[in-house]
A.B. asks: 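Please read through the structure below; I'll follow up with questions.
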There are 2 protein chains.
Amino acid sequence: MSLDHYFIQLANHKLKKTPKRIEILRVMNSKNTYFSPQELWAMLKEKFQKIGLPTVYRILQQFQEIGIVASIQKEDNQLYYFLCSIKHSHHHFICRKCKKVSCVEYCDFEQIKKSVEEQLQSKAETHFLQIEGLCKDCLES
Amino acid sequence: MSLDHYFIQLANHKLKKTPKRIEILRVMNSKNTYFSPQELWAMLKEKFQKIGLPTVYRILQQFQEIGIVASIQKEDNQLYYFLCSIKHSHHHFICRKCKKVSCVEYCDFEQIKKSVEEQLQSKAETHFLQIEGLCKDCLES
DNA sequence: TTGTAAACGAAAATCATTTTCATTTAGAAT
DNA sequence: ATTCTAAATGAAAATGATTTTCGTTTACAA
Ligand SMILES: [Mn+2]
Ligand SMILES: [Mn+2]
Ligand SMILES: [Zn+2]
Ligand SMILES: [Zn+2]
């Protein structure tokens, strides 16, 4: 996706187009993988003489708030973000080898919802689904 | 479920049947809700004059390793555990009001797996699904 | 009853994440 | 182009959950 798309979102939410934000977007947009704040920080330190880790955390949080990044859940309970501008509820496929993240729009939750509600007599309101495996590229290599 | 079931698992894995372990099992077995280590610690402090937080963390980890507790994922990225002895892959329904956790054995993942693998030409290996809503009791009250 | 590995508590360490606050900067207004 | 100001940032410290260390205690088998 074009960086301009993200710049427009920044403007829409009155977030300034700063060098740090631009670089984070550039790095994240160069690969479709998820990143930890520390990883991004390490990459940004190669380009900027001064760059604080809190800045990275802040920017990622803001990007999540304005809906251009999403986070994934890992066993280590740390924060991982990736670019995702889809607004409606959907899910993610994550390659366990290369960390690539792909959006999964298809999900027939109705069956499970129905089963849960019947068996437990409860109301299923939301669901979180994350799929892991090997992506096309990693399967081939 | 009877506490004896858990005591047998302790014995099977050569874990001693200590007062702290017994009490954690008793507390967790008294409600079908999830607990944070800190919550359990607070409850245990009422019964024991001396009880360290690391003990609670250690016991919960061990219980997870021997397959009598499982953990849930929350937005705050902290650890939450609940009693669950089901060995095979399944999912959980969590009541957002009372924190009750129910196991969900039904899941037709084949459809999504097929869709993902076709569209992304990837291999879907594992999936994590967590359902949130209101349980029977909380719906009624 | 005794021996011993396992369990435990206290204290400190670790480490990811957040807060504080003084300084700098993007971008709008002039 | 210059000025102004709220937003953005860095440095340092704080926070808070979780883990490690290590000396003492305990479960339980012999
Ligand atoms: Mn879904
Ligand atoms: Mn499933
Ligand atoms: Zn891959
Ligand atoms: Zn409930």
Side-chain angles (χ1 to χ4, degrees), chain A residues 3-4 6-27 34-66 68-69 71-81, chain B residues 3-4 6-27 34-66 68-69 71-81:
Chain A
L3 283 188
D4 286 333
Y6 301 112
F7 296 157
I8 291 168
Q9 296 309 311
L10 291 186
N12 285 348
H13 295 271
K14 306 202 196 312
L15 292 185
K16 293 177 179 171
K17 189 176 162 185
T18 67
K20 311 299 162 61
R21 285 188 180 137
I22 295 170
E23 181 63 9
I24 287 183
L25 288 172
R26 201 190 60 69
V27 167
Y34 62 84
F35 299 87
S36 69
Q38 286 86 350
E39 280 174 315
L40 285 171
W41 187 45
M43 299 173 84
L44 295 195
K45 278 197 285 192
E46 293 175 3
K47 176 157 243 156
F48 301 104
Q49 63 289 53
K50 285 180 133 198
I51 167 76
L53 187 51
T55 299
V56 179
Y57 274 95
R58 278 186 296 238
I59 289 177
L60 289 170
Q61 271 179 200
Q62 292 160 338
F63 284 2
Q64 185 164 42
E65 281 159 15
I66 70 176
I68 62 179
V69 313
S71 57
I72 69 156
Q73 297 284 64
K74 291 228 303 171
E75 289 285 316
D76 62 11
N77 278 357
Q78 288 177 210
L79 294 170
Y80 295 95
Y81 296 96
Chain B
L3 283 188
D4 287 332
Y6 302 113
F7 296 157
I8 291 168
Q9 296 309 311
L10 290 186
N12 285 347
H13 292 86
K14 307 202 195 313
L15 293 184
K16 292 176 179 171
K17 187 176 163 187
T18 68
K20 310 300 161 62
R21 286 190 179 133
I22 295 170
E23 181 63 8
I24 287 183
L25 287 172
R26 202 190 59 70
V27 167
Y34 62 82
F35 298 87
S36 70
Q38 286 85 351
E39 280 174 315
L40 285 171
W41 187 44
M43 298 173 84
L44 294 196
K45 279 196 286 193
E46 293 175 4
K47 176 155 241 157
F48 302 103
Q49 60 291 58
K50 285 180 132 197
I51 167 77
L53 187 50
T55 299
V56 179
Y57 275 95
R58 277 186 296 240
I59 289 177
L60 289 170
Q61 271 179 201
Q62 293 161 337
F63 284 1
Q64 184 165 41
E65 281 159 16
I66 70 174
I68 61 178
V69 313
S71 57
I72 69 156
Q73 298 284 76
K74 289 229 303 171
E75 288 287 317
D76 64 9
N77 278 359
Q78 288 177 209
L79 295 170
Y80 294 95
Y81 296 96

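Lettering follows sequence order; numbering is per chain, from 1.
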A.B. asks: Identify the heavy atoms of B:S36 and B:Y80 that sit nearest to each other, and give their distance.
C.D. replies: CB-CE2, 3.7 Å
A.B. asks: For the side chain of B:P37, starting at C-beta, report the closest nucleotide among D:dT18, C:dG9, D:dG10.
C.D. replies: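 Per side-chain heavy atoms of B:P37, the pick is D:dT18.
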A.B. asks: Can you measure A:L10 atom CG to C:dA28 atom P for me and round it to whole angstrom units?
C.D. replies: 13 Å
A.B. asks: Taking CG from B:D76 and P from C:dT17, how many angstroms apart are they, rounded to a whole number?
C.D. replies: 13 Å
A.B. asks: To the nearest 0.5 Å, tell me how far B:L15 CG sits from B:R21 CZ.
C.D. replies: 4.5 Å
A.B. asks: Nearest 0.5 Å, what's the CG-NZ distance between B:L53 and B:K45?
C.D. replies: 8.0 Å
A.B. asks: Once you apply a heavy-atom cut-off of 4.0 Å, does B:R58 come out as touching a base, just sugar-phosphate, or nothing?
C.D. replies: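 It contacts base atoms.
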A.B. asks: Atom CD in B:Q61, atom CG in B:L79: separation rounded to 0.5 Å?
C.D. replies: 8.0 Å
A.B. asks: Figure out the OH/C1' separation between A:Y57 and C:dT20, and round it to whole Å.
C.D. replies: 18 Å
A.B. asks: Which nucleotide wins on minimum distance to the side chain of A:R21, given the candidates D:dA8, C:dG9, D:dT20?
C.D. replies: D:dA8
A.B. asks: Measure from the side-chain heavy atoms of A:Q78 and tell me the nearest of C:dT18, C:dA7, C:dA16.
C.D. replies: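 Selected nucleotide: C:dA16.
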A.B. asks: Between atom CD in B:E75 and atom P in C:dT17, what is the gap in whole Å?
C.D. replies: 14 Å
A.B. asks: What is the distance, rounded to the nearest whole Å, between atom CG of A:L60 and atom C1' of D:dA8?
C.D. replies: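 That distance rounds to 15 Å.
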A.B. asks: Taking the minimum atom-to-atom distance to the side chain of A:K50, which one of D:dT9, D:dA11, C:dA11 wins?
C.D. replies: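 Taking heavy atoms from C-beta onward, the closest nucleotide is D:dA11.
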A.B. asks: From the set C:dT19, D:dG10, C:dG9, return the single nucleotide nearest to any side-chain atom of A:P54.
C.D. replies: C:dT19
A.B. asks: Can you give me the N/O atom pairs linking the protein to nucleotides 26-30 of chain D at distances under 3.5 Å, or say none if there are none?
C.D. replies:
| unit_1 | atom_1 | unit_2 | atom_2 | d |
| --- | --- | --- | --- | --- |
| D:dA27 | N3 | B:K16 | NZ | 3.3 |
| D:dC28 | OP1 | B:K17 | N | 2.8 |

A.B. asks: If I take atom CD1 from residue A:I24 and atom OG1 from residue A:T18, how far apart are they, to the nearest 0.5 angstrom?
C.D. replies: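 Rounded to the nearest 0.5 Å, the CD1-OG1 separation comes out at 8.0 Å.
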A.B. asks: Nearest to the A:I59 side chain among C:dT17, D:dT9, D:dG10, which nucleotide is it?
C.D. replies: D:dT9
A.B. asks: Mind calculating the distance between CD (A:Q62) and P (C:dT18) to the nearest angstrom?
C.D. replies: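 So the CD-P distance, A:Q62 to C:dT18, works out to 12 Å.
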A.B. asks: Please tell me if the side chains of B:Q73 and A:N77 come closer than 4.5 Å, counting only heavy atoms from C-beta onward.
C.D. replies: yes
A.B. asks: In this structure, how many angstroms lie between the P atom of C:dA16 and the CZ atom of A:F35, rounded?
C.D. replies: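 Nearest whole value for this atom pair: 18 Å.
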A.B. asks: Given D:dA8, C:dA7, D:dG10, identify the nucleotide with an atom nearest to the side chain of A:I51.
C.D. replies: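 In terms of side-chain proximity for A:I51, the closest of D:dA8, C:dA7, D:dG10 is D:dG10.
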A.B. asks: Base, sugar-phosphate, or nothing for A:Q49, non-hydrogen atoms under 4.0 angstrom?
C.D. replies: nothing
A.B. asks: Could you check whether A:R26 pairs with A:E23 (Lys NZ or Arg NE/NH1/NH2 to Asp/Glu carboxylate O, under 4.0 Å)?
C.D. replies: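 A:E23 and A:R26: salt-bridged.
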A.B. asks: Using atom CG of B:L44 as one end and atom P of C:dA7 as the other, report the distance to the nearest whole Å.
C.D. replies: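 Value for this atom pair: 17 Å.
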A.B. asks: Heavy atoms only: give me the nearest A:Y34-A:E39 pair and the separation to one decimal.
C.D. replies: O-OE1, 4.1 Å
A.B. asks: Does B:Q38 place a side-chain N or O at less than 4.0 Å from the phosphate oxygens OP1/OP2 of D:dT18?
C.D. replies: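 Affirmative; the distance criterion is met.
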A.B. asks: Give A:L53 one of three labels, base, sugar-phosphate or nothing, depending on what nucleic acid heavy atoms sit under 4.0 Å from its own.
C.D. replies: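 A:L53: base contact, heavy atoms under 4.0 Å.
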